Participant: 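The structure follows.
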Amino acid sequence: MTDPSAASRCPQSPPTTSAPPYTTAVTVEDFHRNLAAIRARIDAAAERAGRDAAEIRLLPVSKTVPEERLRTAFAAGITQMGENKVQEAQRKSENLADLGISWSVIGHLQTNKAKNVAAFADEFQALDSLHLAETLDRRLQANGRGLDVYVQVNSSGEPSKFGLEPADVAAFLAALPSYSSLRVRGLMTLAAHTDDAARVHDCFSVMRQLRDAALQAGTVGDGLLSMGMSGDFEAAIEGGSTCVRVGQAIFGARATPDSHYWPESPQTK
Ligand SMILES: *Cc1c(COP(=O)(O)O)cnc(C)c1O
């Protein structure tokens, strides 16, 4: 039944993922080159969208990258790093404490690990329950710290993706002022993982609408939008993103499949 010539007879069929070949950055020069390329693409996307590129933050995502290469990345000027898993983030923050890197936890957090985030993170981008907000707040108060947070929204409707349903965002934001150590900065999402540009675009526009409504209600602080990763950051910028979270296009391709981080990803990667 399998026809080995099928692929060559069908050259127009799209690849199952759109990932370009990400080259691994090893030296300071490699990091400079990758960063310059990303910044140029951010600038061009901002220009197309009639936006000021200065309002778009590039958050390098360092998950799976060993600490020695993070030292090189730091030497190349990377001073903030995003990590999906709290244990990995905390280990790196301890072993690289001499550098003074600013750590952002960008992945789903179980309540029993709230104390870890409260201890070392500078930012948490995946707030998705009031129980977690309450636990984080209690731990932060005990430590005399505050924490910048983004509320994660499931903008794609994919059932197992983390984050609030869009319909629940307004009430959730309205409840957050009770937790005074949490500084609500904005909303965060992962768009649908697909080559269908229209579906990706829809995710970003849902986010922008939610943000605009929350700004009207005065519940979302600065109204920042964290969205866009290596495969879709330009579309995210055109959709209003103020923070793109870019891993592979800076550090190089990851061996760990994305399904390790968000269970619904296609297993074909
Ligand atoms: C890994 C990760 C990213 C970055 O993905 P890349 O494909 O490496 O750019 C962005 N956001 C979250 C939540 C992640 O876990």
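Note that the coordinates shown come from a computational prediction; the quantities given were computed from them, not determined experimentally. Counting starts at 1 for both ligands and their atoms, in listed order.
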Participant: Ring centres of Phe251 and Phe31 under 6.0 Å apart?
Facilitator: yes
Participant: What are the two closest non-hydrogen atoms of Ile56 and Ala46, and how far apart are they?
Facilitator: CD1-CB, 3.9 Å
Participant: Is it true that Asp222 and Arg211 make a salt bridge, defined as a side-chain N closer than 4.0 Å to a carboxylate O?
Facilitator: no
Participant: Below the 3.5 angstrom mark, is there an N/O of Tyr261, backbone or side chain, next to an N/O of ligand 1?
Facilitator: no
Participant: With a cutoff of 4.0 Å, is Gln125 in contact with ligand 1, counting heavy atoms of the residue only?
Facilitator: no
Participant: I need the atoms of ligand 1 closer than 4.0 Å to a non-hydrogen atom of Val246, numbered in the order shown.
Facilitator: 9 (O)
Participant: Below 4.5 Å, heavy atoms only, C-beta onward: do Gln125 and Cys243 meet side chain to side chain?
Facilitator: yes
Participant: Does any N or O atom in Ile106 lie less than 3.5 angstrom from one in ligand 1, N or O only?
Facilitator: no
